[in-house]
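Throughout, residue positions are numbered sequentially from 1 according to the sequence presented. Scope of the values below: all heavy atoms of this structure, side chains included, with no hydrogens, waters or symmetry mates.
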Amino acid sequence: MATTTMIRVRYAETDKMGIVHHSNYYVWFELGRSDFCREKGFSYLDMEDLDGVRLVVGESSCRYKSPAFYEDQIEVRTELLNIRSRSIEFGYSIIRPSDEAILATGRTLHIVTDLNNSIRTLPEKYRAMLS
């Protein structure tokens, strides 16, 4: 099940050619991931403040397929790809609904750590909320 986050491309996200700079796609992945977790009943802040858990990015990738431009309305679709005892993997599709163009696809793998960055097991309550 995917979460959808709508974004309008801001001028500051574009380069001199009017195309969205590639680094912004990772920011949009984070927005989608945060919305996904909130839809499941928790936030990153909850994880840190209540349980002393962080999700540290261990791997990330993005495949750029078509450019996005200033003022484009885009949709970030975020889904859970895999959940293990010490890691979570998310997948992303960035789509421009006006023409159904797939602008980019990507994934991030997150390692579960404590606040001192030591690897730990994902608390069961988060596994249950994500499943």
**Request:** Quick one: list whatever passes salt bridge (Lys or Arg N to Asp or Glu O under 4.0 Å) with Glu39, sequence neighbours left out.
**Result:** none
**Request:** Side-chain contact test, heavy atoms from C-beta onward, threshold under 4.5 Å: evaluate it for Thr4 versus Val76 and give yes or no.
**Result:** no
**Item:** Members besides Leu81 in its Ile/Leu/Val/Met/Phe/Trp/Tyr cluster (side-chain heavy atoms under 4.5 Å)
**Value:** none
**Message:** A quick test of your reading: do over 12 heavy atoms of other residues, nucleotides or ligands sit less than 6.0 Å from CD1 of Ile102?
**Reply:** no
**Asked** ring-ring contact (aromatic ring centres under 6.0 Å, His included) with Tyr92: which residues, sequence neighbours excluded?
**Response** Phe29
**Request:** List in chain and number order the residues that pass salt bridge (Lys or Arg N to Asp or Glu O under 4.0 Å) with Asp99, two or more places apart in sequence or in another chain; answer none if no residue qualifies.
**Result:** Arg96
**Message:** I'd like to know if the side chain of Asp35 pairs up with that of Thr3 as donor and acceptor (distance under 3.5 Å, no hydrogens or angles considered).
**Reply:** no
**Prompt:** Under the 4.5 Å side-chain heavy-atom rule for ILVMFWY, direct or indirect, which residues accompany Ile19?
**Reply:** Met17, Phe69
**Request:** Only pairs at least two apart or in different chains count here, so list each side-chain hydrogen bond (donor to acceptor under 3.5 Å, both in side chains) that has a residue in residues 118-131.
**Result:** Asp51-Lys125, Asp51-Tyr126
**Message:** So, using side-chain hydrogen bond (donor to acceptor under 3.5 Å, both in side chains) as the criterion, who are the partners of Tyr44 when residues are at least two apart?
**Reply:** Arg33
**Prompt:** Which pairs, with at least one residue in residues 75-87 and sequence neighbours excluded, count as a side-chain hydrogen bond (donor to acceptor under 3.5 Å, both in side chains)?
**Reply:** Glu75-Arg77
**Request:** Any chance you could measure Ile94, atom CD1, to Tyr25, atom OH, to the nearest 0.5 Å?
**Result:** 6.5 Å
**Fill in**
Rounding to 0.5 Å, atoms OH (Tyr70) and CZ (Arg8) come to a distance of 9.5 Å
**Request:** State which residues pass side-chain hydrogen bond (donor to acceptor under 3.5 Å, both in side chains) with His21; sequence neighbours excluded, sorted by chain then number.
**Result:** Ser23
**Asked** Residues in side-chain hydrogen bond (donor to acceptor under 3.5 Å, both in side chains) with Ser98, at least two apart?
**Response** none
Can you give the donor-acceptor pairs under 3.5 Å from side chains of residues 55-62 to other protein atoms, not counting sequence neighbours?
{"residue": "Glu59", "atom": "OE1", "partner": "Arg107", "partner atom": "NH1", "Å": "3.3"}
{"residue": "Glu59", "atom": "OE1", "partner": "Arg107", "partner atom": "NH2", "Å": "3.1"}

**Request:** Nearest 0.5 Å please: distance from the CG atom of Leu130 over to the SG atom of Cys37.
**Result:** 6.0 Å
**Request:** With rounding to the nearest 0.5 Å, note down the distance linking CZ in Arg54 to CG in Leu115.
**Result:** 5.0 Å
**Prompt:** Under the side-chain hydrogen bond (donor to acceptor under 3.5 Å, both in side chains) test, which residues partner Arg63, sequence neighbours left out?
**Reply:** none
